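Structure first, commentary second.
Atoms considered below: every heavy atom in the structure, side chains included; atoms not considered: hydrogens, waters and symmetry mates. Naming convention: chains lettered A, B, ... in sequence-line order (proteins, then strands); numbering from 1 in each chain. All values derive from a computational prediction rather than experimental measurement.
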Number of protein chains: 2
Amino acid sequence: MDNATQEKLFAAAIPLFAEKGYAAVSIREIAKAADVNVSSISYYFRGKEGLYHAIIESHIGAISKAISSAEGLPPEERLRHYAKAISEIHTKKPYVIRFVQSELVNPTSAMDKILKKHLFSFYRFLNKAIQDGIDSGIFRDDLDVHHAALSLVGIMNFYFIAKPLFRDFLDTSVEADAAYAEQAVNIYLEGIRRK
Amino acid sequence: MDNATQEKLFAAAIPLFAEKGYAAVSIREIAKAADVNVSSISYYFRGKEGLYHAIIESHIGAISKAISSAEGLPPEERLRHYAKAISEIHTKKPYVIRFVQSELVNPTSAMDKILKKHLFSFYRFLNKAIQDGIDSGIFRDDLDVHHAALSLVGIMNFYFIAKPLFRDFLDTSVEADAAYAEQAVNIYLEGIRRK
DNA sequence: GTCTATATTGCGATAGAC
DNA sequence: GTCTATCGCAATATAGAC
C-alpha cells in the first residue's frame, strides 16, 4: 500500500467496521472519517466489500503468523505459546477479535472467502497440541479433544471482547491484559492436566 | 402477545436478527419471512427497532430467570448451577448467545437500553461466587476475581458460538452440548481449586 | 387489523470533468 | 488521482383506503 489516500481509508475504516459491523457502516462515513472523497473507495478497493476484505485479510494474517512459530514445541509449551501470542495480538491489533467474533456471530462473505480456512487451521493446531499432550500422558485421557480446543479459545478471547463493557471494573493496561492471559492459560492447563 | 400476526413477526425475526445482525436485516425481509404485510411491523412494534428490542428483552430475561435460582448455594455449586443453566438456555433459546455476543461486539441501542444492566448483574453474580469460594478456602487465593469471572463466561459460551462453523467436526446433539458444559466447568473448577 | 401507495432518506457505485 | 454530480435502488416509515 503505497498511497496516502489508500492508507487513510484503510486506517479510518478499521475502527468503524470493528465497532459497528460491516452492514452498519456506510462508505460516506468512512470517507468522511478518512477525510478523502467517497469515490476513492471504489478507486482503490473496488467498493466497500473490497475495503472490508482487505482489512479482514490483514488482521487474520497477523494471527496466523504469530501462531505458526509454535510448531515443534512440546504440547504444553505449544498451548502457552498460543495463549501468549493471542494476548500479544490483542495489544498489537486491538480490533482483530471484533472482526473474528463479528464474522463468527454474523457472517458476511468474508467468512467463507477469507476467514474459514484460517480458523480451521487454528482449530487443527489446538486439536493436535491437546491430542499430543494426551498421548504423552500430561493431559487427562478422558478429554473430548474438540471440546477442549474450543474451551481454550473461549477462555483466552472473551475477556478481550468484554473489556470495553467492563472497563469501569477492570485495569485496562497492557500489563493487565498479559496478566489475564497468564492466569487464564494457567486455569486451563491445570484443569486438563493429568493428576 | 395475543395476536397471530404479531407472533409470526416475532418468530420470523429471531433467526434473521440472530444470524445477520440488526443492521443487515430489512423489515421487508422480516415481513416476507413472516408472511405478513410490512406495515404491521410499525403497527405492532413501532418499527424495526421496537421489534428488535422486544426480542432482545425476551431472550435476556430467560437467562436472568435461570441464574437467579442459584442464589444461596455454596460457591462451587453456584458456579456449576450457572454452567448448567447456560447450557440449558442454549438448547431452549438457541439464538440467545448470538444476540448477546452481537451486542457485545457491535453494540446497538439495545446494549445501553436493555442488555447492560443484565450483563452487569451476571458479572456481579459470578464475582461474588468466586470471591465466596476464595474466602471459604476452596478456590486459590491468588486469583484475580474479575479475570476469573470473565474466564468462566468465555469457556462456557464460545463453544455455542463456534458450533455452526465446526459442525462437521462436532456432534451437534443436545447431549453433546450438555457434555461440553460439563467438561468445561470441570476444567475451570479444577483450574481455580486450591490445592 | 390489513393493505396499497407513497414520501423521504440514505445507500453503493460510477461517469466524466479537471 | 481527485472531484462533483447523479443514477438507480433499497431502506424505514406512514397516510389513508378498505
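Between B/Glu190 and the options A/Lys195, A/Arg194, A/Arg140, a salt bridge (charged side-chain N to carboxylate O under 4.0 Å, His left out) holds for only A/Lys195.
Salt bridge annotation for A/Glu88-A/Lys84: present, with a cationic side-chain nitrogen under 4.0 angstrom from a carboxylate oxygen. A salt bridge does not link A/Glu29 with A/Lys32: every distance from a Lys NZ or Arg NE/NH1/NH2 to an Asp or Glu carboxylate oxygen is 4.0 Å or more. Ion pair A/Arg78/A/Glu71 not flagged as a salt bridge, since none of the NZ, NE, NH1 or NH2 atoms sits closer than 4.0 Å to an Asp/Glu carboxylate oxygen.
Each of A/Glu29 and B/Val36 was matched to the nucleotide of DNA chain C holding its nearest heavy atom; the match closer to the 5' end belongs to B/Val36.
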Could you go through nucleotides 13-18 of chain C and list every protein N or O atom that sits under 3.5 Å from one of its N or O atoms, giving the distance for each pair?
residue	atom	partner	partner atom	Å
C/dA13	OP2	A/Lys48	N	3.0

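For the pair B/Lys117/B/Ser64, no side-chain contact is recorded, criterion being any heavy-atom separation below 4.5 Å from C-beta on.
Between B/Phe166 and A/Phe120, the two ring planes are tilted [angle within 30° to 60°].
Computed from coordinates, the A/Phe45 CZ to D/dT2 P distance equals 12 Å when rounded to whole Å. Summarising the geometry, the separation between CG on B/Asp35 and P on C/dT2 is reported as 12 Å, rounded to the nearest angstrom. One interatomic measurement links the two molecules: CG of A/Leu51 to P of C/dG12, which rounds to 11 Å at whole-angstrom precision.
The ring pair (Phe, Tyr, Trp, His ring centres under 6.0 Å) pairs that include a residue from residues 69-99 of chain B are B/His59-B/Phe99, B/His90-B/Phe160, where partners are two or more places apart or lie in different chains.
Contacts between residues 1-20 of chain B and DNA chain D, counted as heavy-atom distances below 4.0 Å, involve no residue at all.
Note that B/Lys48 lies in the cation-pi zone of B/Tyr22, set by a 6.0 Å cut-off to the ring centre and a 45° limit from the axis.
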